[in-house]
Chemist: 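Dropping the structure in here first, questions after.
Computed from a predicted structure; not experimentally measured. Letters go in sequence order (proteins before strands), and every chain restarts at 1.
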There are 2 protein chains.
Amino acid sequence: MKNFQIHIVVNSDTYLRDPNMSELGRKIVSESIEMIDELGFELFTFRKLGKKIESPECSIYRYFESKHMLLVYLTYWYWSWVEYKLVFAATNLNSTEEKLTKAIKVLTEPPKKDNSPPHINEFLLHRIVMKEGAKTYHVKGVKEGNQKGYFEVYKRIVQRLSDFVLDINPKFEFPHMLISTIIEGAHQQRYFAEHIPSLTDVGEGKDNITTFYTNLVFKVIEE
Amino acid sequence: MKNFQIHIVVNSDTYLRDPNMSELGRKIVSESIEMIDELGFELFTFRKLGKKIESPECSIYRYFESKHMLLVYLTYWYWSWVEYKLVFAATNLNSTEEKLTKAIKVLTEPPKKDNSPPHINEFLLHRIVMKEGAKTYHVKGVKEGNQKGYFEVYKRIVQRLSDFVLDINPKFEFPHMLISTIIEGAHQQRYFAEHIPSLTDVGEGKDNITTFYTNLVFKVIEE
DNA sequence: GCAAATATAATAGTATTACTATCATCTTTG
DNA sequence: CAAAGATGATAGTAATACTATTATATTTGC
């Protein structure tokens, strides 16, 4: 039972019409998450999505310029959501060490059921971002996308944790590299664990990823 | 002046006809490297490649089942080449520490001009693998691809360095995670440095990536 | 309560992509 | 020098990633 619901705001350059403002828009978002997770981003098409939600393909194009931009929207949403969880997780903690530990936990653990909006399955969205997230920037127009702010939240998260690192060790030279390495690394390891397990050490049942990266960060930044 | 040339063997499941055995095959490989680097993998097509090499599209399909499989071939080739460099780099070194340091250097530094086969521009190939490499496994058929051995060399490289790590600290629990994290991380950081610099700490002219990851590895594995 | 604005649906169409098929010709090689 | 194999020429297909046009709902502002 929850008496509040947070609203995630997404950069308006990622969409043509705000999908959060209409029934159809929310349906596009929620069903596309299911479908991308099921088919993978390559086999996912607006035509198939249209069929699933029983709306014509061209209606989807009124919300998103392309399926690539839909992916950009979804990952932006995801990172905003993670940012919210990071802020929330830091409250009532005193030391920067505790805050950093908690933040690494949020970034490296898979999501638990929580108060995300009802039309977003954040468990599936997490899987999508792990697998397809890099496709938002591994494209020709990265620089333009970066200028338009598609990655601003991601960058802010990296900055936030980098600041913790610098607070703990002001002389540490590579905080951004360290943080972006572990964020991407955690997603990657979780994906490998499922599909190419010999690239990881994730054993049966037990989840070492958070332990590994927490350890890594504190060992690397100590003077 | 070189009196020898090494020949990289690629898993024969990645191609229909061995592109290394004919003039046309080598042309397909060498020109596709230029073209994928120039256009990005999404905009690259066999039709455009056919036009460039003045051969019909269908001739290219006689070598590679799809453009995805061509990418798999190219990345396989790349990692085999890196493996060769790793073996070469380890000769005449006594301590495992030295070997590991050298290996990290090979894996994290951009390639220098060396004795790669004339039809392969390994500088461009390195850029392609940094940017597009993950697309070989971020697809629906990863598991089948893994079973067919598309990633066997990559896995062998991870194993090789993991063994160094375990030799230095036999109690270290997560060698594979550590090594695959730094290999992917190095590529990623180099890509970020060029396109989304605020995610890194790579400054003007100086290249910190190797320093960062070398430090990271030795700090993390120390008892 | 109704006109105007806006969103959606229905239908149709286009250029391009990712292939496949067929057959003729050219080049090896045993 | 014949047979096998590789390449070229030509053609074709289903699907993708869109766009355009017009009709029909639905919302909203006065």
Side-chain angles (χ1 to χ4, degrees), chain A residues 12-32 35-36 38-74 119 132 135-136 138-141 144-145, chain B residues 12-32 35-36 38-74 119 132 135-136 138-141 144-145:
Chain A
S12 64
D13 282 343
T14 64
Y15 52 77
L16 300 172
R17 211 203 291 304
D18 187 347
N20 207 43
M21 298 304 281
S22 74
E23 199 50 51
L24 179 61
R26 285 184 295 269
K27 224 160 121 189
I28 289 169
V29 169
S30 76
E31 299 294 298
S32 70
M35 215 167 191
I36 293 171
E38 192 190 324
L39 301 178
F41 189 63
E42 276 54 50
L43 295 177
F44 164 79
T45 70
F46 278 2
R47 176 169 302 223
K48 290 173 190 167
L49 177 59
K51 211 160 204 175
K52 191 174 182 189
I53 64 174
E54 289 173 298
S55 275
E57 202 182 354
C58 64
S59 293
I60 303 167
Y61 277 104
R62 287 200 201 90
Y63 284 86
F64 296 101
E65 204 181 301
S66 62
K67 75 170 187 169
H68 179 254
M69 285 313 297
L70 169 58
L71 186 64
V72 171
Y73 176 91
L74 293 176
H119 68 293
E132 325 282 4
K135 292 172 188 168
T136 59
H138 283 152
V139 290
K140 197 98 222 274
E144 294 83 341
Chain B
S12 63
D13 282 343
T14 64
Y15 52 77
L16 300 172
R17 212 203 289 306
D18 188 346
N20 207 43
M21 299 303 282
S22 74
E23 199 49 52
L24 179 61
R26 286 185 295 269
K27 224 160 124 189
I28 289 170
V29 169
S30 75
E31 299 293 299
S32 69
M35 216 167 190
I36 293 172
E38 192 189 325
L39 302 178
F41 189 63
E42 277 54 51
L43 295 176
F44 165 79
T45 69
F46 279 2
R47 176 170 301 223
K48 290 174 189 166
L49 177 60
K51 211 160 202 175
K52 191 174 183 190
I53 65 175
E54 290 173 299
S55 275
E57 203 181 353
C58 64
S59 293
I60 303 167
Y61 278 103
R62 289 203 193 92
Y63 284 87
F64 296 102
E65 203 181 301
S66 62
K67 75 170 186 167
H68 179 254
M69 286 311 299
L70 170 59
L71 186 63
V72 171
Y73 176 91
L74 293 176
H119 69 293
E132 325 282 5
K135 291 172 188 168
T136 59
H138 283 152
V139 290
K140 198 96 222 274
E144 294 83 341

Chemist: With sequence neighbours excluded, what pairs up with R26(A) under the salt bridge (charged side-chain N to carboxylate O under 4.0 Å, His left out) test?
Modeler: E23(A)

Chemist: Taking only residues two or more places apart in sequence, or in another chain, which ones meet Y61(A) in a ring pair (Phe, Tyr, Trp, His ring centres under 6.0 Å)?
Modeler: F46(A)

Chemist: Compute the angle between the rotation axes at the two ends of the helix from dG1(C)-dC30(D) to dG30(C)-dC1(D), each taken over five pairs, rounded to 10 degrees.
Modeler: 30°

Chemist: Taking atom NZ of K51(B) as the centre, does the number of heavy atoms from other residues, nucleotides or ligands within less than 6.0 Å exceed 12?
Modeler: no

Chemist: Return the minimal non-hydrogen interatomic distance between F64(B) and T14(B), and the atom names on each side.
Modeler: CD2-O, 3.8 Å

Chemist: Heavy-atom count around E144(B) CD within 6.0 Å, excluding the residue itself: above 12?
Modeler: yes

Chemist: Calculate the interatomic distance between R17(B) atom CZ and dA4(D) atom P; express it in whole Å.
Modeler: 16 Å

Chemist: Reading DNA chain C from 5' to 3', where do the contacts with chain B start and stop? Cut-off is 4.0 Å to heavy atoms.
Modeler: dT17(C) to dA21(C)

Chemist: Can you give one letter per nucleotide of nucleotides 15-27 of chain D, going 5' to 3': B for a protein heavy atom under 4.0 Å from the base, S for sugar-phosphate only, - for none?
Modeler: -BBBBB-------

Chemist: How would you label the contact of F64(B) with the nucleic acid (heavy atoms, under 4.0 Å): base, sugar-phosphate, or nothing?
Modeler: nothing

Chemist: Evaluate side chain to side chain contact (heavy atoms under 4.5 Å, CB included) for V29(B) paired with Y63(B), printing each intermediate quantity in order.
Modeler: CA-CA 10 Å; V29(B) 169; Y63(B) 284 87; over 6 Å; no

Chemist: Does the pair S32(A) and L70(A) meet the rule for a side chain to side chain contact (heavy atoms under 4.5 Å, CB included), with working shown?
Modeler: CA-CA 9 Å; S32(A) 70; L70(A) 169 58; 3.7 Å; yes

Chemist: Looking only at heavy atoms, what is the nearest atom pair of K27(B) and I53(B), with distance?
Modeler: NZ-O, 3.4 Å

Chemist: Of all the heavy-atom pairs spanning G40(B) and E132(B), show the shortest one and how long it is.
Modeler: CA-OE2, 3.7 Å

Chemist: Enumerate the residue pairs fulfilling side-chain hydrogen bond (donor to acceptor under 3.5 Å, both in side chains) with a member in residues 41-50 of chain B, sequence neighbours excluded, ordered by first and then second residue.
Modeler: E42(B)-K135(B)

